[in-house]
K.L.:
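Once you've had a glance at the structure underneath, I'll fire off some questions.
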Amino acid sequence: MAKRSALGKGLGAFFGDDVVREADEKRSSSHSEDMDSLHAEKEDVNPEERTTVLRNRRKNPGENKETEENVSRETSIKITQIEPNGEQPRKKFDEESLQELADSMKEYGILQPLLVKKTGDMYQIIAGERRWRAAKLAGMKEVPVIIREYDRQQSVEIALIENVQRADLNPIEEAMAYHQLMQEFGMKQEEIASRVSKNRVTITNSIRLLKLPESIRNMLVNEEISSGHARALLALEEPEQQEELAKRILEKGLSVRETEKIVKSMTKPVKEKKEEQEERDLSFIFRDLEERMKGIMGTKVMIHQKDKNKGRIEIEYYSASELERIVELIESIR
């Protein structure tokens, strides 16, 4: 898991110091309540990565019109002017959780503005779709936003960073977002790891989940199995085997460790059995050769095997005359 100190850099770098300073000034001038009330929206806002914490303020609509001066600054706009981003990595939103957030918003307002960019007459969400959906459920007419200008790649990156920081994505959504950054924007795994404050191995393991059959990917999305289960299943080469074991995980409630043991038993015994069979076959062949050479030499012969292609032959003798006889016998082969 990424370190908390590193997470703030990912999203904060995109907002800019000027926005952070302005938000802090507004926060100090408009808040006198106890900071404990900020936890009311804890499922949607991570306190350590919060760029700005503000209550939903009732403003004169005339003060909220977008001008050239307030672009990239906080303002409020009508909720009907905002549309979701089709490339938002997060696809699944829990309805019960959204309703809880909406209830919190009715009492406390929106504690963190949405990050949006202007697209024609509308504003597209870069970060904060969950807050936008909850605000609609709460019946809000306007929401606080920060308007910034980003290109498509930056929009995808920021949406991913925010969701990863909040742990909002299921494993498949996260893997697909990483894959999109690699395929469409040519980013390396090392670059992605740096942006989201994770190590490269984590990114690699995440993307590997996309190799699983769709049925197993759906189990991950629906939280029927964990990422640990899925990674264990990746060790099986055949999709049929993966799906069969996935069903056993559900039926018997197997833990990740139990799944790993089953996978190990499904992948190693065949190889070990084959090796044992080969060793028995070779042992029989070499014993037969020893007996044949013993009949020719008239003395004990042993074959010492290093592997199936290398070894040494040991011929015993019990007197000088017998040694001379064996040498003469070998010379006669010429």
Side-chain angles (χ1 to χ4, degrees), residues 7-8 11-12 14-67 69-85 88 90 92-118 122-148 158-159 161-163 165-168:
L7 289 177
L11 198 55
F14 285 105
F15 277 82
D17 294 337
D18 56 337
V19 176
V20 176
R21 282 196 300 271
E22 181 182 358
D24 288 339
E25 291 172 2
K26 291 184 178 182
R27 178 181 56 186
S28 61
S29 64
S30 60
H31 285 279
S32 57
E33 292 87 359
D34 195 310
M35 289 302 290
D36 289 342
S37 65
L38 298 178
H39 291 289
E41 202 178 332
K42 63 182 179 181
E43 289 189 8
D44 189 52
V45 179
N46 187 325
E48 296 190 21
E49 285 116 27
R50 183 178 291 115
T51 305
T52 175
V53 181
L54 299 167
R55 291 197 185 275
N56 187 26
R57 297 175 297 282
R58 296 178 181 176
K59 297 183 178 180
N60 185 327
E63 295 176 356
N64 294 329
K65 291 181 180 179
E66 184 198 350
T67 66
E69 289 76 18
N70 67 18
V71 172
S72 299
R73 300 173 63 183
E74 186 187 345
T75 185
S76 293
I77 59 177
K78 292 180 180 179
I79 201 166
T80 54
Q81 289 183 275
I82 300 173
E83 61 184 6
N85 183 352
Q88 148 80 277
R90 188 179 187 187
K92 185 178 180 181
F93 294 85
D94 181 73
E95 293 300 325
E96 183 178 348
S97 176
L98 278 178
Q99 187 58 59
E100 290 176 358
L101 181 56
D103 294 340
S104 172
M105 286 180 173
K106 290 178 183 178
E107 183 174 359
Y108 296 100
I110 297 180
L111 301 183
Q112 184 184 38
L114 284 65
L115 182 63
V116 301
K117 69 176 182 179
K118 200 168 188 321
M122 301 291 287
Y123 295 88
Q124 188 180 85
I125 299 172
I126 304 302
E129 182 173 341
R130 183 169 180 265
R131 275 161 279 159
W132 174 72
R133 288 172 178 262
K136 289 172 66 177
L137 286 176
M140 293 183 173
K141 303 300 181 184
E142 291 187 348
V143 291
V145 300
I146 293 175
I147 305 170
R148 298 298 294 266
I158 295 170
I161 290 168
E162 188 202 38
N163 281 293
Q165 287 181 348
R166 299 177 192 279
D168 280 344

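Bear in mind that the values here come from a model prediction, so they are computed numbers and not experimental data.
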K.L.:
Are side-chain heavy atoms of Ile82 and Thr80 found at a separation under 4.5 Å?
P.N.:
no
K.L.:
Look up atom CG in Leu114 and atom CD1 in Ile79, then write down how far apart they are to the nearest 0.5 Å.
P.N.:
8.0 Å
K.L.:
Once you round to the nearest 0.5 Å, how far does NZ of Lys118 lie from CD1 of Ile77?
P.N.:
9.0 Å
K.L.:
Minimum heavy-atom separation for Glu142 to Ser76, with atom names?
P.N.:
OE1-CB, 3.9 Å
K.L.:
For Met105 and Ala138, which heavy atoms make the closest approach, and how far apart are they?
P.N.:
CB-CB, 4.5 Å
K.L.:
Check step by step if side-chain contact (heavy atoms from CB on, under 4.5 Å) holds for Ile147 and Tyr123.
P.N.:
CA-CA 8 Å; Ile147 305 170; Tyr123 295 88; 3.8 Å; yes
K.L.:
Would you please name every residue forming a side chain to side chain contact (heavy atoms under 4.5 Å, CB included) with Glu95, sequence neighbours left out?
P.N.:
Leu98
K.L.:
Is the shortest heavy-atom distance from the side chain of Arg131 to the side chain of Ile125 under 4.5 Å?
P.N.:
no
K.L.:
Looking at Lys106, I want to see if its NZ is surrounded by more than 12 non-hydrogen atoms of other residues, nucleotides or ligands under 6.0 Å.
P.N.:
yes
K.L.:
Quick one: pull up CD in Gln124 and NZ in Lys117 and give me the separation to the nearest 0.5 Å.
P.N.:
5.0 Å
K.L.:
State, with a plain yes or no, whether a side-chain heavy atom of Lys141 is found less than 4.5 Å away from one of Lys78.
P.N.:
no
K.L.:
Is the backbone of Val116 close enough, under 3.5 Å, to the side chain of Arg148 for a donor and an acceptor to pair up by distance?
P.N.:
no
K.L.:
Sequence neighbours left out, what passes side chain to side chain donor-acceptor pair (under 3.5 Å) with Gln99? Give chain and number order.
P.N.:
Asp103
K.L.:
Specify the closest pair of heavy atoms between Gly109 and Met140, including all atoms of both residues, with the distance to one decimal.
P.N.:
CA-CE, 4.2 Å
